[in-house]
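Report on the structure given below.
All values reported here derive from a predicted model rather than from experimental measurement. Values below: every heavy atom of this structure, side chains too, minus hydrogens, waters and symmetry copies.
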Amino acid sequence: MQANGNGHPMQCVANLVRIVRGECTYDRIKGIDPSYIDRPEAIVKPLIIADALWLISTYEPRVNIDKMTLEAILAEHGDFAFNVDATVADLRRRNR
C-alpha cells in the first residue's frame, strides 16, 4: 500500500487485486483465491478474471469495469498483470 492516496478508486482496484483471499483478518473473502496458484494458465485464466471482476464489483462500487485481461509477465516466476479498462462511476446518478 502507499503511504497516502489509497482512497482513490483506481488505487483501491490495484490494492484489491494484490490481496490473497484470507489475508484480511476480518474479511476473509476479500482477495484473489490462492487455489489458482500452480495450475495451468489455460484453465485458470478465465477463473482469475471472473474472481477479480467479482472482487472489484463487490468491494469497489465506484468503478465500472469495461474490460479486463490477464497477461503473464514472467511465466517461469509466476508473475502476471491485470490490465483493466475502467471508469469511475458517478454514484450521485446511481443513487437517484
Side-chain angles (χ1 to χ4, degrees):
M1 288 255 206
Q2 297 178 349
N4 56 32
N6 288 311
H8 298 292
M10 295 307 182
Q11 184 61 49
C12 290
V13 168
N15 291 340
L16 282 170
V17 298
R18 290 183 178 117
I19 297 170
V20 175
R21 189 162 292 150
E23 187 175 0
C24 293
T25 306
Y26 296 107
D27 196 352
R28 295 284 183 186
I29 62 169
K30 184 186 283 185
I32 301 293
D33 189 348
S35 69
Y36 301 135
I37 296 171
D38 285 341
R39 297 183 69 196
E41 180 186 359
I43 295 170
V44 170
K45 197 173 193 177
L47 298 174
I48 293 175
I49 290 173
D51 200 19
L53 288 171
W54 174 85
L55 181 68
I56 294 166
S57 66
T58 301
Y59 289 98
E60 191 46 80
R62 299 177 293 174
V63 173
N64 294 323
I65 303 294
D66 299 322
K67 180 182 172 186
M68 178 181 284
T69 59
L70 184 66
E71 306 281 329
I73 298 172
L74 290 170
E76 64 270 6
H77 297 295
D79 293 338
F80 61 91
F82 283 106
N83 296 315
V84 180
D85 292 336
T87 55
V88 176
D90 185 0
L91 292 179
R92 291 173 293 179
R93 235 186 255 167
R94 185 182 287 180
N95 292 331
R96 288 183 188 175

Mind checking the [atom1]-[atom2] spacing from [X] to [Y]? Nearest 0.5 Å is all I need.
X   : Y   : atom1 : atom2 : value
M10 : R62 : CE    : CZ    : 10.0 Å
I48 : I37 : CD1   : CD1   : 9.0 Å
T25 : K30 : OG1   : NZ    : 11.0 Å
T58 : L16 : OG1   : CG    : 9.5 Å

Point to revise | Heavy-atom closest pair, residues A86 and V63 | key: CB-CG1, 3.6 Å
Point to revise | Closest non-hydrogen atom pair, N15 against I19 | key: O-CG1, 3.3 Å
Practice item. Could you walk me through whether D85 and T69 pass side chain to side chain contact (heavy atoms under 4.5 Å, CB included), step by step? Key: CA-CA 9 Å; D85 292 336; T69 59; over 6 Å; no
**Study point:** Same cluster (ILVMFWY, side-chain, under 4.5 Å), L47 and V17
**Key:** yes
Practice item. May I ask whether Y36 and I49 are part of the same hydrophobic cluster, defined by side-chain heavy atoms of I, L, V, M, F, W, Y residues being less than 4.5 angstrom apart, directly or through others? Key: yes
Review point. Which residue, I32, D27, D51, forms the side chain to side chain contact (heavy atoms under 4.5 Å, CB included) with R21?
Key: D51
Practice item. Mind checking side-chain contact (heavy atoms from CB on, under 4.5 Å) for D38 and listing every partner two or more places apart, or none if nothing turns up? Key: none
Review point. Do I29 and W54 touch side chain to side chain, with heavy atoms closer than 4.5 Å?
Key: yes
